[in-house]
Protein chains: 2
Amino acid sequence: MDKKLTIKDIAQLAGVSKGTVDRVLHKRGKVSQKALDSINAVLEQADYEPNLIARNLKNNKIYSICVVLPNPESDSYWQPCIKGIEQAKKEFKAFNLSISSYYFDPEDTESFIAVNKSVLNLAPDAVLLAPLFYKEALDAVEKYTEQDILVNTFNNQLESEEIRNFVGQDLHQSGRVAAKLIHSIAEKGQIAIIHFDEKIKNAVHMQEKEKGFRNYFSQKENSDYEVTTLKLKRKNYETKLEDFLKENPKLTGIFITTSKAHQIAEIIDKTKNNTISLIGYDLLDKNISFLNKGTIDFLINQNPKQQVYLGLSFLVDHFIFGKEINPSTLLPIDIVNSENASYYME
Amino acid sequence: MDKKLTIKDIAQLAGVSKGTVDRVLHKRGKVSQKALDSINAVLEQADYEPNLIARNLKNNKIYSICVVLPNPESDSYWQPCIKGIEQAKKEFKAFNLSISSYYFDPEDTESFIAVNKSVLNLAPDAVLLAPLFYKEALDAVEKYTEQDILVNTFNNQLESEEIRNFVGQDLHQSGRVAAKLIHSIAEKGQIAIIHFDEKIKNAVHMQEKEKGFRNYFSQKENSDYEVTTLKLKRKNYETKLEDFLKENPKLTGIFITTSKAHQIAEIIDKTKNNTISLIGYDLLDKNISFLNKGTIDFLINQNPKQQVYLGLSFLVDHFIFGKEINPSTLLPIDIVNSENASYYME
DNA sequence: AGGAAAAATGTGCTCGAACACACTAAATTT
DNA sequence: AAATTTAGTGTGTTCGAGCACATTTTTCCT
């Protein structure tokens, strides 16, 4: 049972006191060359690792973390995030943490600004932010950083020097995954990319996915597929889609770039057209039900729960264990069909 | 900044000393009814959580964990496990852990017995075991348990009261996932299930997958598929498969129940037959290369790395944080194509 | 050489839980 | 009533890192 070396052990081996070793370890100077040499000699061959538990006992500060995300009641895509936050709370309750959530209205820029303002007033140690509104998010990040509040982001990428960590997916690659799936299951013919969302702020998301999707097919030389893009909004989407289906009888596949695949599936179902393959995003109950029915062939899991959970666990690693934060973490792009869906829904 | 309550705080609130509170918390008796009542009253409305960091600092025992698994050089399926172990070591180096690996020859029962014997002699605190040889594994588990060594398993399920935790996949469901994939991509016709492995000990694995696969199709009433099973061994498998292909010209899909899909793919490739869909297991380099080429359509990831990592992290949770161990953890059955493979290979 | 300043080094306390041990007060025995 | 057991309670030390402060040693100047 070879115990781990402590500062005291190192001190003894080097023939000095623990205070001196401590000064060397923390490079706080005031150490003679002689002592420095002997301590370094010991350290080099002794592979000392500080006991992080002991270190932490001393620093018994309570770290407060605020998670800022859209209200899951407005958009159920965010629902799993609550579970992710709960899991993190449970998992990390051993440490001195205070995690709280703050919701904004995903349709309302003002509410995003307001929520961030009030979180700023709380002066937490860190904020985990879903930066839905690009410009406003940059503003918020700047203000947080001014107050020395650490900001990590998830779900939406934000180009900022001040962001310490991003957890999310590579949307371009996500589009490629969808394209490969369509390529696997859809017959030769026409393929539609459907952007179905009111929200302008999702435009970047949708565009990146489209780019990836088209990129896949453009790399295949003898492509038997023709790719068209269709934009739908809540208003009149039914007749618009029905018209589109009539105008494009050779349609064999549809890629929906948002979580609204179930709304498309409903219409496809009505037309009793079994030859159109459907690929969409996110494991909403409504989507799953069409997946089980067979109308939707595959869903791609963007894993919002894991995004938040990982974002929080990185903060814990940083605050509690002093680990370096990885600037970017790209989650796997999970392919989901009716048979493996349950595993991704917890 | 409301700090967490300590034993001392509780003691003060209840008007006793920390020693008495400690006795109540650990139910060590020797406490008067009066003191017990007042302490319980405080505890009830104060939701005290012991500081696990402080507790751990005191109990500075080094927990030793042995991982017993097949030599990755004999079967590269196990290669990712090394990474999983390394990751766990890195992640948990803050705690007093000593994790070491022991390899046995997956073809040799005797080596399995021998390795377990020598691990038993090391008297670790816990063993994480890949119980490839059923009967011998049960023996080993019994001996470990006699010596009060905690045993968790991964990859292969073992029916034993003494196993505290299993991390792996639901093989039956895994077969269903494969069936659904075949159903999505293969044309009507004949489907072959190929069991390609010498090792009898994998028989249960392969059978469970076959059952799940057939179960899926038997639930579809108007099935346009006919499912046949073919067993192949290393010897003569080439000619045997070629004969099979000639005899079954209507073959549209193959499900390989082991990680040997690349060997089937090689032959299919030679025949220049593009109409046969291939589904296999595991992200071996050779399999990935056929996945990128398009010969293999999907791979199912059994996630050996995650299995070991999770198995170890459960042990840490148990030893360090006193958490209850979940008896069984079933990992997601990841569907992998050429576009999302990289995320599952670390 | 004497003394002050600067540099180097060591000591001691803290964090919270856990537990051994010392101690007090009540109960029982002689 | 004194002696002894036993129930109940409090005190003090430990774990390892970190840092303030005390102490010792060296350097430098008059």
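So you know, we letter chains A, B, ... as the sequences are listed, proteins then strands, and number each from 1. These numbers come from the heavy atoms of this one structure, side chains and all, not from hydrogens, waters or symmetry mates.
- Whole-Å rounding puts the A:Q12 CD to D:dG16 P distance at 13 Å.
- A:N71 and A:Y102 share no side-chain donor-acceptor pair at under 3.5 Å.
- Taking only side-chain atoms of B:S17, from C-beta outward, the nucleotide of C:dG16, D:dG10, C:dT11 with the closest atom is D:dG10.
- With sequence neighbours excluded, no residue forms a salt bridge (Lys or Arg N to Asp or Glu O under 4.0 Å) with A:E136.
- A:E86 is linked by a salt bridge (Lys or Arg N to Asp or Glu O under 4.0 Å) to A:K89, counting only residues two or more places apart in sequence or in another chain.
- In this structure, NZ of A:K58 is placed 14 Å from C1' of D:dC15, rounded to the nearest angstrom.
- Under 4.0 Å is where a charged nitrogen must lie from a carboxylate oxygen, and between B:K4 and B:D9 no such pair does.
- In this structure, the CD1 atom of A:I7 is 19 Å from the P atom of C:dC13, given to the nearest Å.
- D:dG16 atom P lies 12 Å from atom CG of B:N59, rounded to whole Å.
- The separation between A:D9 atom CG and D:dC15 atom C1' is 13 Å, rounded to whole Å.
- For B:K83, the salt bridge (Lys or Arg N to Asp or Glu O under 4.0 Å) test picks out B:E346, with sequence neighbours left out.
- Using cut-offs of 30° and 60° on the angle between ring planes, the pair B:Y63 and B:F319 is parallel.
- Within 4.0 Å of A:L57, counting heavy atoms only, lies at least one base atom of the nucleic acid.
- For the helix from C:dA1-D:dT30 to C:dT30-D:dA1, the rotation axes defined at the first and last 5 base pairs enclose an angle of 70°, given to the nearest 10°.
- The separation between A:N56 atom CG and D:dA17 atom C1' is 11 Å, rounded to whole Å.
- Between the side chains of A:E91 and A:Y309, a donor-acceptor pair is found at a separation under 3.5 Å.
- Between A:I39 atom CD1 and C:dA8 atom P the separation is 12 Å, expressed in whole Å.
- Of the residues in residues 46-55 of chain A, none has a non-hydrogen atom less than 4.0 angstrom from any atom of DNA chain C.
- In this structure, A:K18 reaches the bases: a heavy-atom distance under 4.0 Å links it to at least one base atom across the strands shown.
- DNA chain D lies under 4.0 Å from at least one heavy atom of each of the following residues of residues 19-36 of chain A: A:D22, A:H26, A:R28.
- Checked by atom type, the side-chain pair A:Q307/A:N303 shows no donor-acceptor distance below 3.5 Å.
- Heavy-atom minimum distance, B:L315 versus B:A126: CD2-CB, 3.8 Å.
- By the 6.0 Å contact criterion, CD on A:E146 is enclosed, its count of non-hydrogen atoms from other residues, nucleotides or ligands being greater than 12.
- Counting only N and O atoms by type, the side chains of B:Q33 and B:D37 include a donor and acceptor under 3.5 Å apart.
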